[in-house]
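First up is the structure itself, then whatever we jot down about it.
Keep in mind that this is a model prediction, so the values were computed, not measured.
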Amino acid sequence: MAEENPGRRAQVRDAATMRALAHPARIAIVDRLFTGEPATATELAEVSGLSPSATSYHLRELAKAGLIEEAPSRGDGRERVWQSQLRGLNIETPPERGAAERAADRELTQMYLDREDQRAREWLARREDEPYEWYRAATAAGVQVVVTAEEMEQLNAKILAVLEPFARRNRTDPPAGARPVDVSYRVVPRP
């Protein structure tokens with residue numbers, strides 16, 4: 001089960017929760033519900049890319065993992081409405097965790113990497129059709145740095161702090177012309 005922290009981010013440390021998340025439709029669902037806006041299976045089917053009945057199955061699995069819950073009904077009670085009190089996830093699998101946790105962490109991380117790579121490929125395929133201001137503003141960059149593990153942690157904290165005010169969950173009233181943007185940030189030591 002996911003453990004909550006004061007920042008309303010779930011601390012995910014167990015294999016069962018990681019496996020519950022390791023599906024692209026489920027990540028799309030929690031991303032949407034982490035905005036704080038409740039939604040029905042029919043509404044979430046649009047973001048999951050599945051039918052409402054298949055989306056309902058995934059919603060129940062996410063609820064079992066403690067990541068989402070049923071919300072109060074919007075009216076006549078015929079539709080189940082779902083919500084999450086969480087606004088993000090921290091996946092944490094220290095080396096001393098068991099083989100099941102390490103395997104689930106690898107599976108979930110691979111799914112996230114595949115998803116980020118797919119989004120970048122989709123941008124590449126359509127970027128010429130975008131307004132020039134968005135074409136020019138998008139970037140991909142790679143920088144090799146030489147740091148200690150402590151400096152790398154400091155670098156991560158600083159960069160994530162720069163991004164946090166712009167996070168969808170924090171931008172309840174974005175300025176005119178704003179649109180969702182995917183930011184991928186990876187920091188991995190070289191051999």
Side-chain angles (χ1 to χ4, degrees), residues 1-92 104-123 125-126 130 134 160 163-185:
M1 285 277 206
E3 301 169 35
E4 285 188 56
N5 69 9
R8 297 193 329 172
R9 293 183 66 83
Q11 302 296 326
V12 179
R13 296 183 177 101
D14 65 289
T17 305
M18 284 185 254
R19 280 194 302 275
L21 283 166
H23 188 287
R26 292 181 187 174
I27 292 299
I29 290 167
V30 295
D31 276 353
R32 167 60 177 75
L33 292 176
F34 284 177
T35 65
E37 291 294 320
T40 64
T42 300
E43 293 164 340
L44 292 165
E46 293 176 30
V47 299
S48 71
L50 302 172
S51 69
S53 62
T55 301
S56 291
Y57 167 77
H58 290 294
L59 287 163
R60 290 188 302 274
E61 293 301 306
L62 290 167
K64 285 180 195 173
L67 297 167
I68 66 170
E69 62 193 14
E70 278 195 64
S73 174
R74 292 181 180 159
D76 63 14
R78 288 185 291 173
E79 284 191 301
R80 290 174 83 178
V81 182
W82 297 89
Q83 67 184 3
S84 181
Q85 300 302 316
L86 302 170
R87 296 298 173 260
L89 301 170
N90 293 334
I91 311 297
E92 193 176 300
D105 181 32
R106 278 191 301 276
E107 181 182 347
L108 181 57
T109 301
Q110 184 63 54
M111 195 273 314
Y112 266 110
L113 291 173
D114 291 346
R115 183 172 172 242
E116 290 172 7
D117 289 345
Q118 181 60 34
R119 286 177 171 174
R121 283 188 208 89
E122 289 168 0
W123 164 254
R126 73 171 194 282
E130 290 283 340
W134 289 100
L160 294 174
L163 295 173
E164 194 60 27
F166 301 98
R168 182 179 60 185
R169 67 184 168 275
N170 296 328
R171 275 210 119 177
T172 56
D173 191 20
R179 69 189 256 196
V181 172
D182 293 313
V183 177
S184 298
Y185 173 68

What distance separates [X] [atom1] from [Y] [atom2], expressed to the nearest 0.5 Å?
| X | Y | atom1 | atom2 | value |
| --- | --- | --- | --- | --- |
| Thr55 | Arg26 | OG1 | CZ | 11.0 Å |
| Arg119 | Glu122 | CZ | CD | 8.5 Å |
| Ile29 | His23 | CD1 | NE2 | 9.0 Å |
| Asn90 | Arg13 | CG | CZ | 8.5 Å |
| Phe34 | Arg168 | CZ | CZ | 10.0 Å |

Within a strict 4.5 Å, meaning less than it, do heavy atoms of the [X] and [Y] side chains meet?
| X | Y | value |
| --- | --- | --- |
| Leu86 | Ile68 | no |
| Pro72 | Gln83 | yes |
| Arg60 | Arg80 | yes |
| Trp82 | Glu70 | yes |
| Val47 | Asp31 | no |
| Ile91 | Leu21 | yes |
| Leu33 | Leu44 | yes |

Do any N or O atoms from the side chain of [X] and from the backbone of [Y] form a donor-acceptor pair under 3.5 angstrom?
| X | Y | answer |
| --- | --- | --- |
| Asn170 | Glu164 | yes |
| Thr35 | Arg32 | yes |
| Arg9 | Leu89 | yes |
| Glu43 | Thr40 | yes |
| Arg74 | Pro38 | yes |

Results of side chain to side chain contact (heavy atoms under 4.5 Å, CB included) for Asp117 - residues two or more places apart only: Arg121, Arg186

What are the two closest heavy atoms between [X] and [Y], and how far apart are they?
| X | Y | value |
| --- | --- | --- |
| Ala104 | Met18 | CB-CB, 3.8 Å |
| His58 | Leu50 | CD2-CD1, 3.4 Å |
| Ala20 | Leu62 | O-CD2, 4.1 Å |
| Glu79 | Thr42 | OE2-OG1, 3.9 Å |
| Ala41 | Ser56 | CB-OG, 3.3 Å |
| Trp123 | Trp134 | CH2-O, 3.8 Å |

Side-chain H-bond candidate by donor/acceptor type, Gln118 with Asp114, under 3.5 Å: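 Judged by distance alone, the side chains do not pair up.
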
Heavy atoms of other groups near Glu37 CD, more than 12 under 6.0 Å: no

